[in-house]
Protein chains: 2
Amino acid sequence: MISTQNNDSDQVVEHVISAILSNRLNPGVKLSEVSLQDEFGFSRNVVREGFLKLVDAGVLIHKKNQGVHVAVPTEEQTRQIFQARRIIENGIMQILLDQCIDNKLDIETIEKLIEEEEQLHRGGKSTELTQASCYFHLRLAELCNNQFLVDSLKPLILLSTLAASVYTNESSGFCSYEEHQNLFDSIKSQDRQNTIDAINIHLDRCIESLNFEIKPKAKTNYSHIFN
Amino acid sequence: MISTQNNDSDQVVEHVISAILSNRLNPGVKLSEVSLQDEFGFSRNVVREGFLKLVDAGVLIHKKNQGVHVAVPTEEQTRQIFQARRIIENGIMQILLDQCIDNKLDIETIEKLIEEEEQLHRGGKSTELTQASCYFHLRLAELCNNQFLVDSLKPLILLSTLAASVYTNESSGFCSYEEHQNLFDSIKSQDRQNTIDAINIHLDRCIESLNFEIKPKAKTNYSHIFN
DNA sequence: TAATCTATAATTGTTGACAATTATTGTTGA
DNA sequence: TCAACAATAATTGTCAACAATTATAGATTA
């Protein structure tokens, strides 16, 4: 479970997550305890605790005496990630459809998200668009009012972003807002088969857009990514 | 990073998980750091780290200055847990079916699990049967060769066990081995609709067997549950 | 120049002490 | 007997110091 802001260490978690989603923090980059300590004024213990949570979620990788690195998903892992996403997000679509049929779907929220993506796309802001795309998927999960679904999906979304960062030359086309629009239209028209097809095609396109021939770059240290 | 001996804190995690699955550790029970430290000889840090992981998974609940307690799922949480399980385990069934069709399903493993459950049932060993039932669901997830699915399902299974412990008078009938047998038969006969029906009926029966009128008991301290 | 080795610096891992908070026990008084 | 309060004990939270390990930079040699 990655979220919640009860603790200082959760702030560390949120900072790292935000940095990953916005492509400021790339796969393989090493995070040292001291650097985050200095940038935010957290104590080392707090930073360690935050790291542990992210390691638990698979977003960071820990090696003994070598600290933590941002995960670099392998091809196999990426396929597993998208297999799991397909399962969970299919379920999410069913729930949203049920909500729509019962007139309980928060349509406005989704419309806003898509509009936001559209503007970012038109403005050519590709990194912000990537972040918004991921957020779209997470937000749909949150609309289900099921914490466990969100908790299951969140690490998968983060790892998808990392995979995209590794296996694309331009991440702009990774997760298209037009397909989000299609998905939303299918939900609104309450067509179950169409909706399921839409999410599956969307996820298939995401993974098909990846080029696994690209080899992960050497690991680098980060320098003042936050702030 | 947080512990060189990641193994040690994972041992703490495993001990707690095993204690929950076998009904030695009940919902609401407080776990103190010192007690586990004494029983296993782990350092306090290691125990804290293990607790943190379990808190992250939602299995333990942490309150500031009051340590950790075993989670007591509410009715609402329990419904969310089973909604999430339905989604994930439906997906697992699809994967196992595909494996079966491709002649890649490890049928022997599943047969052994069911046989084991049958013996425990005949022997009247209800707590062991509960543990075996949960293990059955987890084992099916593992057969999918997808770590992310296992990671998503595992906390849900643990929380299901806790919910059963709270909302039943006798936990024996919670998760029946006959339905596991039915499920397995459906998979083997490669009947997709039957299989999906079987898992959904099974999960529905699980939650229907719960009596949410039962109010959680007062929280107690534990005393030498492990060992 | 490139490679190897060595000394130094930096980072992580571990422990224990102490502060802050909560829980427990014992006492008093009506 | 019971409730309220005070003193004590137990538990958790935090931090800093030190040990262990790894990374870096410099020197040496071919």
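Note on naming: letters A, B, ... go to the chains in the order of the sequence lines (proteins, then strands), and numbering restarts at 1 for each one. All heavy atoms count here, side chains included; hydrogens, waters and symmetry mates do not.
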Across every strand shown, the nucleotide meeting Watson-Crick or G-U wobble geometry with dG29(C) (both distances under 3.5 Å) is dC2(D)
Whole-Å distance separating the CG atom of Asn65(B) from the C1' atom of dT21(C): 5 Å
With side chain to side chain contact (heavy atoms under 4.5 Å, CB included) as the test, would you mind laying out the steps for Glu89(A) and Ile157(A) before giving the verdict? CA-CA 11 Å; Glu89(A) 300 199 49; Ile157(A) 299 287; 4.2 Å; yes
For the pair Glu142(A) and Arg139(A), find out whether any cationic side-chain nitrogen is under 4.0 Å from an anionic carboxylate oxygen. yes
Starting the side chain at C-beta, find the nucleotide from dT11(D), dT14(D), dT11(C) nearest to Ser32(B). dT11(D)
In whole angstroms, the gap separating P of dT21(D) from NZ of Lys63(A) amounts to 18 Å
Rounded to the Å, how far apart are Arg48(B) CZ and dT14(D) P? 8 Å
Which nucleotide sits closest to the side chain of Lys30(B): dT22(C), dT11(D), dT22(D)? dT11(D)
What is the distance, to the nearest angstrom, from the CD atom on Gln37(A) to the P atom on dT11(C)? 10 Å
dG13(D), dT22(D), dT11(C): which one has an atom nearest the side-chain heavy atoms of Glu33(B)? dG13(D)
Report yes if a side-chain nitrogen or oxygen of His62(B) is closer than 4.0 Å to either non-bridging phosphate oxygen (OP1 or OP2) of dG13(D); otherwise report no. yes
Report the distance from atom CG of Leu36(B) to atom C1' of dT11(D), rounded to the nearest whole Å. 14 Å
dT1(C) pairs with which nucleotide, Watson-Crick or G-U wobble, both distances below 3.5 Å? dA30(D)
Would you call Val72(A) and Val166(A) a side-chain contact if the rule is heavy atoms closer than 4.5 Å? yes
Which listed nucleotide (dT14(D), dT22(D), dC15(D)) is nearest to the side chain of Gln66(A)? dT22(D)
For the side chain of Arg44(A), counting heavy atoms from C-beta on, which of dT12(D), dA17(D), dT14(D) is nearest? dA17(D)
Distance, rounded to the nearest Å, where Phe42(A) contributes CZ and dC15(D) contributes P: 12 Å
Roughly, in whole Å, what's the span from NE2 in His69(B) to C1' in dT12(D)? 12 Å
Would you say Glu33(B) and Gln37(B) are linked by a side-chain donor-acceptor pair, where the criterion is simply a distance under 3.5 Å? no
Below 4.0 angstrom from OP1 or OP2 of dT14(D), is there any side-chain N or O of Ser43(A)? no
Nearest 0.5 Å, what's the NE2-NZ distance between His121(A) and Lys125(A)? 14.0 Å
How long is the line joining CG of Leu60(B) and P of dT12(D), in whole Å? 12 Å
